[in-house]
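Working notes, structure below.
The basis for the numbers below is simple: all heavy atoms, side chains too, and nothing from hydrogens, waters or symmetry mates. We number each residue from 1, following the sequence as shown.
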Amino acid sequence: MAEATTARVYRLGVLEGDGIGPEIVPAAVAIADAAVAATGAGKIDWVTLPLGAGAIETHGTPVPDETKQALTELDGWYLGPHDSVSYPEPHKSALNPSGTLRKHFQLFANIRPAKSFPGARAVCENADLVIVRENTEGFYADRNTYAGTGEFSPVEGVAIAMGIITRTATERVARVAFDLARSRRKKLTIVHKANVLKLTTGLFRTVCQEVAEEYPDVAVDDFHIDAMTVHLVRRAQDFDVIVTENMFGDILSDLAGEISGSLGTAPSINASAGTAMAQASHGSAPDIAGQNIANPVAMVLSGAMLFEWLGARHEDPAISRAAAVIEAGVAAAIKSGISTRDLGGSASTTEFTSAVVRAIDDGAGQA
């Protein structure tokens, strides 16, 4: 029975996106509702907003101004995957919906866990790490400049990308990473390429090391990005929190997702100091869209991360308990042998969703 509570009502956006988004985002919402009901964590007021290919048809743009305005009034949101490569021009060449929202709301910290699930065919059966990726700088075009693009071609046959690293942005993401490490196993690894990119990633490493002095209880080491890929494959279980710049973090988090089972199990949130966006690490998988076979785990766990973030921000243990129950429900379903085909099972998206809801209703993760 849910305990009596005066928990607050959270208003969360629902942006289904493209491809498998209209299948996995509703699955995540259904599981979130089950967890909230099971823990008595109050109420979620879901606000559905247009985004993606459908929004191009109805609003002439994949990210309508009304969507951005509505999001400013919400506590956070679920973002489904986008298939921007299939958009008509000029939208195909523009910053994609995810990048647009990250830049517009200055969601500077991309937090991507990689945790093995029993029964999920993980390469490393006991991986449990988190990659904290700086989300606003680096080499990625359109994200690292105030106006225009960070990638350009001065003459035909020559292309240039600006890699921008600043002390301010590095300090703020480093503190997010160290705070997270302090709440976990108190180990943090800085990933860089300071032996070659001495000024840019060298600055990133130096600033992170300076911030480390504020956290004497956290053990710190650092590796070059190329060496880090090898370490993750060989001994992922030895790492706790990894902090790195934008492009390195993107690459490492995909690798870590596969090591821990599948990109289909790789969740993330993109956060600023005041808001957060739940977003699965994988793409829109248009080749399987509409077939009811997509794995919703990454989207479901991204929602759990958003709940955990809300609990910390608002000092709300009830919504934090709901986050734990979501994670436990997913783990219980997979452990029982119910999973989608990418994890070696045969369950459909809806069958797996129902299995997680049943596990939650049966008390998975509840004291």
Within a reach of under 6.0 Å around CZ of R185, are more than 12 heavy atoms found that belong to other residues, nucleotides or ligands?
yes
Please check: side-chain N/O of T229 versus main-chain N/O of D226, any donor-acceptor pairing under 3.5 Å?
yes
Identify the two heavy atoms, one from A294 and one from P296, that lie closest to each other, and give their separation to 0.1 Å.
O-CD, 3.3 Å
Please identify each residue that fulfils side chain to side chain donor-acceptor pair (under 3.5 Å) with R175, with sequence neighbours left out.
E214
K103 and T136, any side-chain heavy atoms less than 4.5 Å apart:
no
How many angstroms lie between OG1 in T200 and NE2 in H192, if you round to the nearest 0.5 Å?
11.5 Å
Whether H231 and F239 hold their rings parallel, tilted or perpendicular, with breakpoints at 30° and 60°
tilted
Looking at E23 and N292, would you say the former's side chain and the latter's main chain have a donor-acceptor pair under 3.5 Å?
yes
Main-chain N/O of V63 paired with T67 side-chain donor or acceptor, under 3.5 Å:
no
Nearest atoms (heavy-atom pairs only) where V241 meets A177
CG1-O, 3.7 Å
Is there a donor-acceptor pair under 3.5 Å between the side chain of S116 and the backbone N or O of A127?
yes
Would you say the side chain of L12 lies within less than 4.5 Å of the side chain of L306, judging by non-hydrogen atoms?
yes
Does E89 have more than 12 heavy atoms from other residues, nucleotides or ligands lying within 6.0 Å of its CD?
yes
Heavy-atom closest contact (F178 atom, C208 atom, distance)
CE1-O, 3.6 Å
Considering non-hydrogen atoms only, spot the tightest contact between H91 and G60 and give its length.
CE1-O, 3.1 Å
Atom pair OG1 (T340) and CD1 (I334), whose distance is rounded to the nearest 0.5 Å:
7.5 Å
By ring-ring contact (aromatic ring centres under 6.0 Å, His included), which residues pair with H104, not counting sequence neighbours?
none
I'd like to check L129 versus L232 (side-chain heavy atoms, cut-off strictly below 4.5 Å). Are they in contact?
yes
Side-chain heavy atoms nearer than 4.5 Å, only ILVMFWY residues, links allowed to pass through others: does that put L301 and I31 together?
yes
So CD1 of I190 and CG of D221: to nearest 0.5 Å the spacing works out to 8.0 Å
Joint cluster assignment, V297 & I338, ILVMFWY side-chain distance < 4.5 Å:
yes
The reported gap from CD1 in I269 to CD1 in I111 (rounded to nearest 0.5 angstrom) is 4.5 Å
Hey, quick one: are V357 and V325 part of the same hydrophobic cluster, counting side-chain heavy atoms closer than 4.5 Å, chains of contacts allowed?
yes
Closer than 3.5 angstrom, by distance alone: can the side chain of R358 be matched with the main-chain N or O of G329 as a donor-acceptor pair?
no
Checking Y215 against L188 for the side-chain contact (heavy atoms from CB on, under 4.5 Å) test, could you report, in this order, the C-alpha distance in whole Å, the side-chain angles of both residues, the deciding distance, and whether it holds?
CA-CA 10 Å; Y215 297 82; L188 184 137; over 6 Å; no
Taking the side chain as every heavy atom from C-beta outward, state whether I131 and N110 have any atom pair closer than 4.5 Å.
no
Answer yes or no: is there a side-chain heavy-atom contact under 4.5 Å between V207 and V173?
no
Would you say D18's side chain and G52's backbone share a donor-acceptor pair under 3.5 angstrom?
no
Should V300 and I44 be counted in the same cluster of Ile, Leu, Val, Met, Phe, Trp and Tyr side chains packed under 4.5 Å apart?
yes
Residue among R184, K187, K186 satisfying salt bridge (Lys or Arg N to Asp or Glu O under 4.0 Å) with D240
R184
Can you give me the closest heavy-atom contact between V191 and H224, atom names plus distance?
CG1-C, 4.4 Å
Summary of ring-ring contact (aromatic ring centres under 6.0 Å, His included) pairs that have at least one residue in residues 308-341, sequence neighbours excluded
Y10-H314
Look at atom NZ of K193 and say whether more than 12 heavy atoms of other residues, nucleotides or ligands are closer to it than 6.0 Å.
yes
Would a distance-only check, ignoring hydrogens and angles, find a side-chain to backbone donor-acceptor pair under 3.5 Å from S272 to T275?
yes
If you count every heavy atom of other residues, nucleotides or ligands that lies below 6.0 Å from E327 atom CD, does the total exceed 12?
yes
Note, V230 side chain near V233 side chain (heavy atom, < 4.5 Å):
no
Do F105 and W77 make a side-chain contact, defined as non-hydrogen atoms from C-beta onward lying under 4.5 Å apart?
yes
Nearest non-hydrogen partners of P81 and G21, listed with the distance:
CD-CA, 3.7 Å
Is it true that R112 and D250 make a salt bridge, defined as a side-chain N closer than 4.0 Å to a carboxylate O?
yes
Which atom pairs, one a donor and one an acceptor, fall under 3.5 Å between side chains of residues 154-167 and the rest of the protein, sequence neighbours left out?
unit_1, atom_1, unit_2, atom_2, d
T166, OG1, E137, OE2, 2.5
T166, OG1, A169, N, 3.2
R167, NH1, E210, OE1, 2.6

Hey, could you give me each pair passing salt bridge (Lys or Arg N to Asp or Glu O under 4.0 Å) that has a residue in residues 68-77? Not counting sequence neighbours.
R8-D75, D65-K68
How long is the span from the CZ atom in R133 to the CD1 atom in I251, to the nearest 0.5 Å?
9.5 Å
With distance as the sole test, does N246 use its side chain to make a donor-acceptor pair with the main-chain N or O of G138 at under 3.5 Å?
no
Look at the side chain of S302 and the backbone N and O of S268, then say whether any donor-acceptor pair between them is shorter than 3.5 Å.
yes
Hydrophobic cluster identity match, I319 and L180, side-chain contacts under 4.5 Å:
yes
Given side-chain contact (heavy atoms from CB on, under 4.5 Å), test T170 with E134 step by step and report yes or no.
CA-CA 7 Å; T170 304; E134 202 293 316; 5.6 Å; no
A side-chain contact here means heavy atoms from C-beta on lying under 4.5 Å apart; do D254 and E258 qualify?
no
Mind checking what makes side chain to side chain donor-acceptor pair (under 3.5 Å) contact with Q279, not counting sequence neighbours?
S98, R102, N270
Could you grab the distance from atom CG of L71 to atom CG of L51, nearest 0.5 Å is fine?
8.5 Å
